[in-house]
S.K.: 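Can you read through this structure? Questions will come right after.
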There are 2 protein chains.
Amino acid sequence: MASESESSSRILGVAEELAQRRGFNGFSYGDIAERLSITKASLHYHFPSKADLGQALIARYRQSFDAALHAIVRESPDARRRLRRYADLYCNVLVDDRMCLCGMFAAEYSTLPETMQTDLKAFFDANERWLSRVLDAGRRDGTLAFHGTPKERAHLLLGTLEGAMLVARAYDGVKRFRTVARRALADIAAP
Amino acid sequence: MASESESSSRILGVAEELAQRRGFNGFSYGDIAERLSITKASLHYHFPSKADLGQALIARYRQSFDAALHAIVRESPDARRRLRRYADLYCNVLVDDRMCLCGMFAAEYSTLPETMQTDLKAFFDANERWLSRVLDAGRRDGTLAFHGTPKERAHLLLGTLEGAMLVARAYDGVKRFRTVARRALADIAAP
DNA sequence: GTCTATAGGTGGATAGAC
DNA sequence: GTCTATCCACCTATAGAC
């Protein structure tokens, strides 16, 4: 893993914002260059092809997501609290008028380079493994109650949050998202 | 409402497929022209700008969706059965390796022309009105059971189905979608 | 309605100087 | 690492002949 130069991480920050707001096919090297007041050629020095840039975006996003998940486990012992904080991660993205990076890339899936497709699935897999464990533990200790396997529930919950986010963005609807997310979590809380 | 020429509807058919698979920013007049063995200039005769094409796509999609919803109401009196058939609409899109047209456009929302944004919201509004009514009726006659308002539930259900679709497509996962959709519907079936 | 031809712009990407 | 300059492919869109 290359230790990131400051230039690279500034580039990734701008690219991430654009990708989350407009999609991978919705921004160009020109857009990034303009915002950073550098040239497109300089960008190609750091990320030779757009596929490289996209892969770096997913890697970075995943790292920060993983860190957030670890923090949740460390700081919140209760399963319901963990899920609420998980949903808050999505919410914080939405208030900044962004879509989840990987949800956005999922929409564009068939147009992405293979490397990005592979890393994208790995991101979702990691999310679902984490959710599965939290759901399983919560049901065992009696704080959660739901039908089906934890894995199935994890699929459902991930889909619900991504989908609620997707639709809410068209309505500038952070409030809408919050209501839906709370409802979804309340449904699996033990009575 | 212009009665559609045969050329126009053939163009829309191809454009719809491309839009559902690759997104509005993921296909071009050139792609359509190639598949229909005509020139790009001919396409511009029928749809002067890409915004016009996009608007026509949403209008057409909404018409066929509305027709399907009416058919469901006509043929299925039971609320649970109606919801199952509603989910089947999504499933039939997915098996063709497509995403819901409007779910795809929702991802690209901020890059779309204003006219398309407006029509997109109207599509979701209509869907949620229909779902609300079905959910409300089902709870009244005792076939469904859920917390919160029918409108809230409609938001949740729509988000869940769109999101499950979004993620499932990355896994070539019709089966995955079906499982998630069944689970979501089972959650609101009366015991 | 469909064509040829073309305009005017932007996309990702590279060569080579500094 | 960043620049200028440039390549070539592709994009949406238009003019005008048939």
Side-chain angles (χ1 to χ4, degrees), chain A residues 2-58 104-105 107-117 119, chain B residues 2-19 21-58 60 104-105 107-108 110-117:
Chain A
S3 74
E4 227 167 63
S5 77
E6 201 184 302
S7 294
S8 289
S9 74
R10 251 185 306 133
I11 292 166
L12 286 174
V14 172
E16 185 181 73
E17 183 191 320
L18 289 165
Q20 289 186 262
R21 294 214 178 117
R22 307 177 49 88
F24 190 69
N25 298 323
F27 76 94
S28 68
Y29 274 55
D31 295 326
I32 305 171
E34 196 181 12
R35 297 211 192 186
L36 290 174
S37 299
I38 55 173
T39 61
K40 291 192 289 173
S42 298
L43 295 177
H44 279 286
Y45 168 80
H46 294 281
F47 303 99
S49 78
K50 206 180 174 188
D52 296 322
L53 176 59
Q55 223 180 344
L57 282 176
I58 297 176
M104 188 63 101
F105 287 177
E108 302 174 288
Y109 188 78
S110 70
T111 72
L112 300 178
E114 262 192 50
T115 51
M116 287 179 67
Q117 294 183 339
D119 293 352
Chain B
S3 74
E4 223 166 68
S5 78
E6 199 183 305
S7 294
S8 290
S9 73
R10 250 183 308 134
I11 292 166
L12 286 174
V14 172
E16 185 180 74
E17 182 191 321
L18 289 166
R21 296 213 177 119
R22 307 178 48 87
F24 189 68
N25 298 323
F27 75 94
S28 68
Y29 274 55
D31 295 325
I32 305 171
E34 196 181 12
R35 297 210 193 186
L36 290 175
S37 300
I38 56 174
T39 61
K40 293 187 284 174
S42 298
L43 295 177
H44 280 284
Y45 169 81
H46 294 281
F47 304 99
S49 77
K50 206 182 172 186
D52 296 323
L53 175 61
Q55 224 181 342
L57 281 176
I58 297 175
R60 189 180 117 124
M104 188 63 100
F105 286 178
E108 301 174 289
S110 70
T111 72
L112 300 177
E114 264 191 48
T115 51
M116 286 179 67
Q117 293 183 341

S.K.: To check you understand the geometry: which heavy-atom pair defines the closest contact between B:Leu43 and B:Ala33, and what is its length?
M.R.: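 Closest approach of B:Leu43 to B:Ala33, heavy atoms only: CD1-N, 3.7 Å.
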S.K.: Starting at atom CG of A:Leu18, determine the distance to atom P of C:dG11, rounded to an integer number of angstrom.
M.R.: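 Taking atom P of C:dG11 as the reference, CG of A:Leu18 is at 12 Å.
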S.K.: For B:Phe47, report the nucleic acid contact type (base, sugar-phosphate, nothing); a contact means any heavy atom under 4.0 Å.
M.R.: nothing
S.K.: So, using side-chain hydrogen bond (donor to acceptor under 3.5 Å, both in side chains) as the criterion, who are the partners of B:Gln117 when residues are at least two apart?
M.R.: none
S.K.: Rounding to an integer number of Å, can you tell me how far B:Leu112 CG sits from D:dT12 P?
M.R.: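 About 14 Å, once rounded to whole Å.
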S.K.: CD1/B:Ile32 to CD1/B:Ile38 distance, rounded to the nearest 0.5 angstrom?
M.R.: 8.5 Å
S.K.: Under 3.5 Å, which donor-acceptor pairs do the side chains of residues 22-30 of chain B form with other protein atoms, sequence neighbours left out?
M.R.:
{"from": "B:Arg22", "atom 1": "NE", "to": "B:Gly26", "atom 2": "O", "distance (Å)": "2.7"}
{"from": "B:Arg22", "atom 1": "NH2", "to": "B:Gly26", "atom 2": "O", "distance (Å)": "3.3"}
{"from": "B:Asn25", "atom 1": "ND2", "to": "B:Glu108", "atom 2": "OE2", "distance (Å)": "3.4"}
{"from": "B:Asn25", "atom 1": "ND2", "to": "B:Thr111", "atom 2": "OG1", "distance (Å)": "2.9"}
{"from": "B:Ser28", "atom 1": "OG", "to": "B:Gly30", "atom 2": "N", "distance (Å)": "3.2"}
{"from": "B:Ser28", "atom 1": "OG", "to": "B:Asp31", "atom 2": "N", "distance (Å)": "3.3"}
{"from": "B:Ser28", "atom 1": "OG", "to": "B:Asp31", "atom 2": "OD2", "distance (Å)": "3.4"}
{"from": "B:Tyr29", "atom 1": "OH", "to": "B:Phe47", "atom 2": "O", "distance (Å)": "2.7"}
{"from": "B:Tyr29", "atom 1": "OH", "to": "B:Ser49", "atom 2": "O", "distance (Å)": "3.0"}
{"from": "B:Tyr29", "atom 1": "OH", "to": "B:Lys50", "atom 2": "N", "distance (Å)": "3.3"}

S.K.: Taking atom P of C:dG11 as reference, at what distance in whole Å does atom NE2 of A:His44 sit?
M.R.: 11 Å
S.K.: Atom CG of B:Asn25 and atom P of C:dG12: how far apart are they, to the nearest Å?
M.R.: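 That distance rounds to 12 Å.
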S.K.: Holding to side-chain contact (heavy atoms from CB on, under 4.5 Å), I want the full list of residues that pass it with A:Glu16, two or more places apart in sequence or in another chain.
M.R.: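 Applying side-chain contact (heavy atoms from CB on, under 4.5 Å) to A:Glu16 gives A:Gln20, A:Leu57, A:Arg60, A:Tyr61, A:Arg98.
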S.K.: Run the salt bridge (Lys or Arg N to Asp or Glu O under 4.0 Å) test against B:Arg10 and tell me which residues pass, sequence neighbours left out.
M.R.: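 Listed in chain order: nothing, the list is empty.
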S.K.: When rounded to the nearest 0.5 angstrom, what is the spacing between CD in A:Glu17 and CG in A:Leu12?
M.R.: 13.0 Å
S.K.: Taking N or O atoms only and anything under 3.5 Å, show me the protein contacts with nucleotides 1-5 of chain C, one pair per line.
M.R.:
{"from": "C:dT2", "atom 1": "OP1", "to": "B:Ser7", "atom 2": "OG", "distance (Å)": "3.3"}
{"from": "C:dT2", "atom 1": "OP2", "to": "B:His46", "atom 2": "NE2", "distance (Å)": "2.8"}
{"from": "C:dC3", "atom 1": "OP2", "to": "B:Thr39", "atom 2": "N", "distance (Å)": "2.8"}
{"from": "C:dC3", "atom 1": "OP2", "to": "B:Thr39", "atom 2": "OG1", "distance (Å)": "3.0"}
{"from": "C:dC3", "atom 1": "OP2", "to": "B:Ser42", "atom 2": "OG", "distance (Å)": "2.6"}

S.K.: Roughly how far apart are A:Ser110 OG and B:Arg21 CZ, rounded to 0.5 Å?
M.R.: 8.5 Å
S.K.: Return the residues of residues 49-57 of chain A meeting this criterion: a heavy atom under 4.0 Å from some atom of DNA chain C. Order them by number, or give none.
M.R.: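 Heavy-atom contacts with DNA chain C come from A:Ser49, A:Lys50.
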S.K.: Take the protein atom OH of B:Tyr29 and the nucleotide atom P of C:dT6, then report the distance between them rounded to whole Å.
M.R.: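 Between P of C:dT6 and OH of B:Tyr29: 22 Å.
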